[in-house]
Amino acid sequence: MPAACEGQLENFVHASFAAGDATLEDFALPQHRCVYAHWLAHRGAADLPPTSSIDPLELREALGYINLLEPEPGFGDFRYRLVGSSIFEIVKHDLAGTLVSDLSLARATVFGAQFRALRTLRRPIYSEHDAPPDVSLITRWCRLILPYAGADSAITRILVVNVPRPTQRSR
């Protein structure tokens with residue numbers, strides 16, 4: 001995983017994994033299990049599922065926690081196309097239509113590096129970090145990041161299941 005992410009966000013950890021290296025039971029959160037099951041089912045023999053398989057009805061258990069992003073040409077930036085309502089309730093800012101580069105420097109650096117890594121890795125990424133103080137002092141974000149491909153097999157969408165949990169300091 002990209003070294004650029006180290007030290008940018010408080011209590012940050014992340015790892016990528018091959019689809020065969022994780023089972024549904026490896027995920028503690030039902031939203032992650034729901035979306036990972038969908039991703040696995042729709043990828044079939046391909047390395048990535050098609051973007052056309054993203055179906056809100058199949059993902060309804062996780063909908064409020066989903067961010068859907070579209071890579072800009074060359075993977076230089078990423079545009080938020082959908083931001084889950086449960087995420088909005090915490091961040092109090094509608095990111096739909098904005099670019100990752102519009103975020104704070106730390107978030108733009110980490111998220112941008114993770115999303116750019118997908119272009120080469122072409123596999124899921126899991127990460128956790130404590131929310132920045134300007135967002136919440138008691139929230140830890142648990143993120144499952146999944147790439148989806150277009151007809152030419154290039155990544156055309158990035159689905160992020162971003163679930164808030166209590167931080168260690170809030171327990």
Side-chain angles (χ1 to χ4, degrees), residues 1-9 11-24 26-29 31-56 58-59 62-63 65-84 87 91 95-129 131 140-164:
M1 289 298 304
C5 297
E6 305 301 321
Q8 293 291 322
L9 297 174
N11 298 313
F12 175 76
V13 294
H14 67 165
S16 69
F17 57 93
D21 291 347
T23 67
L24 295 180
D26 291 326
F27 296 99
L29 301 172
Q31 298 89 344
H32 290 163
R33 286 192 301 271
C34 166
V35 176
Y36 188 59
H38 174 274
W39 189 86
L40 288 173
H42 287 281
R43 69 186 272 270
D47 66 336
L48 299 178
T51 298
S52 61
S53 71
I54 299 172
D55 181 350
E58 292 179 27
L59 301 171
L63 274 183
Y65 302 95
I66 289 176
N67 288 338
L68 190 62
L69 295 99
E70 178 179 5
E72 294 286 298
F75 266 60
D77 210 342
F78 307 86
R79 187 170 302 279
Y80 285 91
R81 292 295 179 197
L82 172 78
V83 177
I87 297 167
V91 300
L95 296 171
T98 64
L99 295 167
V100 167
S101 62
D102 294 332
L103 302 175
S104 71
L105 180 59
R107 286 177 272 191
T109 299
V110 172
F111 301 164
Q114 287 179 324
F115 300 152
R116 280 187 292 284
L118 289 174
R119 189 177 195 182
T120 304
L121 296 172
R122 299 181 65 82
R123 60 191 207 170
I125 296 173
Y126 181 83
S127 71
E128 292 187 14
H129 68 277
R140 181 161 183 80
W141 291 110
C142 303
R143 304 171 73 228
L144 178 60
I145 305 165
L146 300 166
Y148 285 77
D152 62 355
S153 82
I155 295 172
T156 56
R157 292 292 184 275
I158 299 167
L159 193 150
V160 182
V161 189
N162 201 14
V163 183

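Just the heavy atoms: all of them, side chains too, but no hydrogens, waters or symmetry mates, feed the values below. All figures in this text were calculated on a predicted structure; none of them were measured in a lab.
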Q.
Suppose the criterion is salt bridge (Lys or Arg N to Asp or Glu O under 4.0 Å): which pairs have a residue in residues 71-83, not counting sequence neighbours?
A.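 Passing the test, one end in residues 71-83: Glu70-Arg81, Glu72-Arg79.
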
Q: Keeping to residues at least two apart or across chains, list the salt bridge (Lys or Arg N to Asp or Glu O under 4.0 Å) pairs with something in residues 108-118.
A: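 Every candidate salt bridge (Lys or Arg N to Asp or Glu O under 4.0 Å) pair involving residues 108-118 fails, so no pair, neighbours aside, qualifies.
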
Q | N/O donor-acceptor pair under 3.5 Å between His32 side chain and Cys142 backbone | A |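 Indeed, once roles are kept as given, a pair shorter than 3.5 Å links the two residues.
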
(Q) Tell me if a side-chain donor or acceptor on Tyr36 pairs with a main-chain N or O of Ala22 at a distance below 3.5 Å. (A)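 A pair under 3.5 Å: yes.
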
Identify all side-chain donor-acceptor contacts of residues 144-155 below 3.5 Å with residues at least two apart in sequence or on another chain.
residue	atom	partner	partner atom	Å
Tyr148	OH	His38	ND1	3.2
Asp152	OD1	Ala154	N	3.0

Can you tell me how far the [atom1] atom of [X] sits from the [atom2] atom of [Y], to the nearest 0.5 Å?
{"X": "Leu159", "Y": "Trp39", "atom1": "CG", "atom2": "CH2", "value": "11.5 Å"}
{"X": "Asp21", "Y": "Asp26", "atom1": "CG", "atom2": "CG", "value": "9.5 Å"}
{"X": "Leu68", "Y": "Thr51", "atom1": "CG", "atom2": "OG1", "value": "8.5 Å"}
{"X": "Ile66", "Y": "Leu82", "atom1": "CD1", "atom2": "CG", "value": "7.5 Å"}

Mind listing the closest non-hydrogen atom pair of [X] and [Y] along with its distance?
{"X": "Ala62", "Y": "Val161", "result": "CB-CG1, 4.4 Å"}
{"X": "Cys34", "Y": "Leu59", "result": "SG-CA, 4.0 Å"}
{"X": "Arg157", "Y": "Pro71", "result": "N-CD, 4.1 Å"}
{"X": "Gly112", "Y": "Phe78", "result": "O-CE1, 3.9 Å"}

Side chains of [X] and [Y], heavy atoms from C-beta outward: is any pair under 4.5 Å?
{"X": "Leu103", "Y": "Leu95", "value": "yes"}
{"X": "Phe111", "Y": "Leu9", "value": "yes"}
{"X": "Ile87", "Y": "Trp141", "value": "yes"}
{"X": "Tyr126", "Y": "Val13", "value": "no"}

Q. Residues in ring pair (Phe, Tyr, Trp, His ring centres under 6.0 Å) with Tyr80, at least two apart?
A.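 Scan of Tyr80 (ring pair (Phe, Tyr, Trp, His ring centres under 6.0 Å), adjacent residues dropped) gives none.
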
Q: Tell me, please, which residues at least two apart from Tyr65 pass ring pair (Phe, Tyr, Trp, His ring centres under 6.0 Å).
A: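 Result, ring pair (Phe, Tyr, Trp, His ring centres under 6.0 Å) vs Tyr65: none returned.
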
Q | Sole residue of Gln114, His14, Glu128 in side chain to side chain donor-acceptor pair (under 3.5 Å) with Arg143 | A |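 Output: one option passes, namely Gln114.
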
Q.
Regarding Ser16 and Arg123, do their side chains bring together a donor and an acceptor under 3.5 Å, going by distance alone?
A.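 Yes, Arg123 and Ser16 have a side-chain donor paired with an acceptor closer than 3.5 Å.
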
Q: Kindly write out the residues that satisfy side-chain contact (heavy atoms from CB on, under 4.5 Å) with Asp47, not counting sequence neighbours, or none if the list is empty.
A: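 Arg122.
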
Q: Take Arg140 and Asn11 through the side-chain contact (heavy atoms from CB on, under 4.5 Å) test and state the conclusion after the steps.
A: CA-CA 9 Å; Arg140 181 161 183 80; Asn11 298 313; 3.4 Å; yes

